[in-house]
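What follows is a set of notes on a single structure, which appears directly below.
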Amino acid sequence: MSDPVGKLPSELDQLPDRDTEETAEWAASLDAVAQAAGTRRAEYLLRRTLQHAEAAGLALPKLLETDYVNTIPTSAEPEFPGDEAMEARITAWNRWNAAAMVTRGSKYGVGGHIATFASAAWLYETGFQHFFRGKEADGSGDQLYIQGHASPGIYARAFLDGRISEQQLDNFRQESGGNGLPSYPHPRRLPWLWEFPTVSMGLGPLSAIYQARFNRYLQNRNIKDTANSHVWAFLGDGEMDEPESTAALALASREQLDNLTFVINCNLQRLDGPVRANFRVVQELEAQFRGAGWNVIKTLWGSAWDELFQLDTSGALVRRLREVPDAQFQTYATRDVAYIRQHFFGANAELVALGALLSDAKIAECFHTSRGGHEPRKVYAAYKAALEHKGAPTVILAQTVKGYTLGAGFESKNANHQMKKLTIDEFKSMRDKLDLPIPDSAFEGGQVPYGHPGANSPEVQYLNERRAALGGPAPARKVKQVALPAPADRSFAPLLKGSGKQEMATTMAFVRLVKDLMRDKETGKRWVPIVPDEARTFGMESLFPSAGIYSPLGQTYEPVDRDQLMYYKEAKDGQILNEGITEAGAMADFIAACTSYATHGEPMIPFYIFYSMFGWQRTADQMWQLADQLGKGFIVGATAGRTTLTGEGLQHADGHSHLIASTNPASLNYDPAFAYEIAVIVKDGLRRMYGEQPEDVFYYLTVYNEPKVQPAMPEGVEEGILKGLYRFNQASDLENAPAADAAKIQLMASGTAIHWILEAQALLAADWNVAADVWSATSWGELRRDALECDEALLRGEVRTPYVTRALEGAAGPVLAVSDWMRQVPDQISQWVEQDYTSLGTDGFGLSDTREGARRHFGVDAQSIVVAALAQLARRGEVPASAVKEARERYGL
């Protein structure tokens, strides 16, 4: 029999059929069911068969969607271990205080979010009472990624357990006077409470995955036993639209991160309206996570729906739930029963008959408020099932009503995300709904009171007992400072003495230094090299066989280059995190490693090396997340600058990352010119970040791929290297030094540009009798930071001179600053330089060319520098004006 017209062959057509008769019998059985009982029954049987096959471990493609019902039916829910009435009272107090805090703050215009926590209260409370492990237990406890807009509820709970005062609640979003509370989870602002900043949406879920992965990394490398640490990430369904939210789902399933649970609060609303107005976001998310290999648990309907599902003998209700779009369901949540009967149950005769069996009160309860995310028994069942599932991460899709318990003016309304306060009457209605003992007299003066049952109340005692059983308060951040010993000087010695006649790029100098530091007996194992699939580009392949590339499976194959010295070696205890082509993933790795000192009490020393252009430009938001989380480590922008990456051109040519980096207060930014500068900077960075008095900073270094002879370190330059500027040599040091009365100029450069000004120095002396001193500006950013601190001190009446001003004091002539960056980078210090100051840089778009061609194009090669120097001197009358034109013609500019 021929195939129907238009039928495409499937993979089954390519497999031999051992028993065609048996296959035909199965097909005939399905046809018979469809004819006798209808296609819906046939569909049901097929789905149940596939589900059974999946549970039995048969190698079949998974169903990407299941029916729009709870994964765990009521009959299968485990017994709830807590005092449900007591926990309801605790949750009620938290709901009240969260709403009161935001409303009281609204009179100052600081805003706040009420509706998010109102919908998610039981998702958090059930975890705090029964699942989330604290820091005082064995190990590191759990890691909690709290949804940013739910922070008022977390503050309310900390108020109930005595960790936050009423005054602090009143200082929500008012931090400048001290004793305030930050708007969202910010470890830098409230470091004893918050561990993870999450409000930059999408970064929380991405970081949670890599945190769970890093926990396994520490375990497999025998650095910390993290077997009992579980990562919980609380997310909004609207947040899942962020690309970062789902960017690493496959990584989590591929590495079988069953120490990770996503809890997505599906209240079906984002900031301005429905998440999927014309579709069903729960079904979409289920398919997305199942397709990525996750275990999916749907907790959608409350127990009030049990009666409806029992009466649905034909499956009409389930089919109707699958077809109603989210926006319409939100409308049902706000309309009267007559509307629901007409528009939901009126869809077909089977539903009309079902609706006739239900009271108005039952319909109102089901469609207005009864959601799985509002019932602790259902949430408990989902969390317990997530922890018991092995071999894959779990996502819980919990349906709730946004604004739940805040009153009809809030619940399921499109605008509720922007609604910042309740009226007194709305609070009284909420009080009655929550059954809280707050008298009307407490509202005198129009102020909403906070509520607390008392430090010795049964509620607080119960709360404290549950937290004690789970290992102490949560969320909480506890740092036990562990100072790392300074590495031996021999690791730094090769870079300090220079490369002799051998040429070496600063990228290679950095890699060689780290390779030596990784051999240190005390701290070598704590280095975490992170690279996004560019290790060979940066000359790091020599680390592969010695350090190994981390893989939880080890190496299950024979590498193609096994017979070579530097073969590709993966290992379960591998040290290198080679992430593939994902800068965002590598940054998430870096953040987890940078904050291990706080999360696990194990300081690690990560360095993340990448194509310079693909760092701050692509992942600057994560660098802010790193700063918020008080991370420590080295970010290394390799192949830096706009003209050093020969031939790559526009999209690879970075001339601006130092400008972006300068906006981050926690980032110490260096652009070293020589290998010895790298050694000095890294050594001091280890002291500042991991020494006896560790600072909450991280380092950004730019290194270059241009081979150059590396000089030995001159005497007495360490302070200047670290502060950002020192004189590398003087014109008088040249073999053919200019005359004593020659015009003088100061040439200043960072990074690879030092070589251009050294050549220009020689040309100025030989061709124009101009004496130029050469300065290495290792950090424009640190010079500016110091100068700004001096300016601030002056406003306090303290007179301090910026380092850059002092360093250049008495230097004759004007200053010409040059870099492979746009001019705004060196221009950061111009106002504190007392000499005449101009700059040259690589402003504009990059282009493909040789290094020489690109530098001539941007006007930063040695000859262009000479012309610019002569022009500066000519304006001062120190060389003839004609010299500028003559130089242009001589050098063919």
Side-chain angles (χ1 to χ4, degrees), residues 88-122 124-125 149-161 164-175 177 179-181 183-184 267 269 271 330 333-336 364-365 368-369 374 400-455 457 459-460:
R89 293 203 296 276
I90 292 170
T91 306
W93 285 116
N94 292 340
R95 288 182 183 278
W96 178 271
N97 288 321
M101 175 179 65
V102 175
T103 298
R104 287 166 68 114
S106 67
K107 67 181 180 180
Y108 302 109
V110 295
H113 298 284
I114 301 178
T116 294
F117 176 74
S119 69
W122 276 114
Y124 290 105
E125 193 60 36
H149 292 156
S151 61
I154 308 304
Y155 290 139
R157 196 173 203 277
F159 171 63
L160 206 64
D161 70 18
I164 285 179
S165 67
E166 185 171 316
Q167 180 190 7
Q168 287 176 292
L169 292 185
D170 260 352
N171 286 339
F172 174 60
R173 292 192 170 192
Q174 299 177 77
E175 300 178 78
N179 207 32
L181 299 178
S183 54
Y184 303 124
N267 56 36
Q269 286 184 251
L271 274 63
Q330 293 296 80
T334 63
R335 301 298 291 271
D336 59 26
E365 181 183 8
H368 291 171
T369 60
H374 296 323
T400 64
V401 172
K402 192 165 185 177
Y404 183 60
T405 72
L406 298 180
F410 268 80
E411 293 176 350
S412 296
K413 296 296 174 62
N414 281 341
N416 60 15
H417 191 84
Q418 303 301 332
M419 297 164 72
K420 311 299 182 186
K421 59 184 178 180
L422 280 72
T423 65
I424 295 298
D425 287 341
E426 287 172 328
F427 266 108
K428 290 181 178 179
S429 177
M430 179 182 177
R431 171 201 62 187
D432 297 340
K433 182 182 294 185
L434 297 176
D435 193 25
L436 291 173
I438 300 174
D440 285 351
S441 59
F443 295 90
E444 290 181 4
Q447 180 73 294
V448 182
Y450 293 118
H452 199 294
S457 65
E459 291 92 334
V460 173

Non-hydrogen atoms of Pro453 and Glu459 that approach each other most closely: CB-OE1, 3.8 Å

Check: His452 side chain, Leu160 main-chain N or O, donor-acceptor pair, under 3.5 Å: yes

Member of Tyr450, Trp96, Phe443 meeting the ring pair (Phe, Tyr, Trp, His ring centres under 6.0 Å) criterion with Phe427: Trp96

Verdict with supporting geometry, Tyr404 and Asn267, side-chain hydrogen bond (donor to acceptor under 3.5 Å, both in side chains): CA-CA 10 Å; Tyr404 183 60; Asn267 56 36; over 6 Å; no

Euclidean distance, Tyr184 OH relative to His149 NE2, rounded to 0.5 Å: 3.5 Å

Separation of Glu166 CD from Leu169 CG (nearest 0.5 Å): 7.0 Å

Heavy-atom donor-acceptor pair, Arg104 side chain to Gln447 backbone, under 3.5 Å: no

Interatomic distance, Gln174 atom CD to Gln168 atom CD [nearest 0.5 angstrom]: 13.0 Å

Donor-acceptor contact below 3.5 Å, side chain Ser183 vs main chain Arg173: no

Backbone of Gly451 reached by a side-chain donor or acceptor of Asn97 within 3.5 Å: yes

Any donor-acceptor N/O pair, Ser429 side chain to Glu426 backbone, under 3.5 Å: no

Any Trp93 side-chain heavy atom under 4.5 Å of Arg157 side chain: no

Rounded distance [0.5 Å steps], CG in Leu434 versus CZ in Arg89: 13.0 Å

Distance, nearest 0.5 Å, that separates CD1 of Ile164 from CG of Asn171: 11.0 Å

Val460 versus Ala455, closest heavy-atom pair with distance: CG1-O, 3.4 Å

Contact summary for Ala99 and Leu406, nearest pair of heavy atoms: CB-CD2, 4.3 Å

Test item: Arg431 side-chain N/O and Ile438 main-chain N/O as donor-acceptor pair under 3.5 Å: yes

Minimum heavy-atom distance between Asn179 and Ser165, given as atom pair plus value: ND2-OG, 4.5 Å

Minimum heavy-atom distance Ala156-Ala98, with the two atoms named: CB-N, 3.7 Å

Residues, nucleotides or ligands: over 12 heavy atoms within 6.0 Å of Asp435 CG: no

Nearest heavy atoms of Ser457 and Gly454, plus distance in Å: OG-O, 2.7 Å

Close side-chain approach of Asn94 and Phe117, heavy atoms under 4.5 Å: yes

Gap between atom CE of Met430 and atom CG of Asp432 - 0.5 Å precision: 11.5 Å

Side-chain heavy-atom pair Leu422, Val448 within 4.5 angstrom cut-off: no

Exam field: side chain His374 to backbone Ala120, donor-acceptor pair closer than 3.5 Å: no

Pairwise side-chain contact, Leu181 with Glu175, heavy-atom cut-off 4.5 Å (strictly under): no

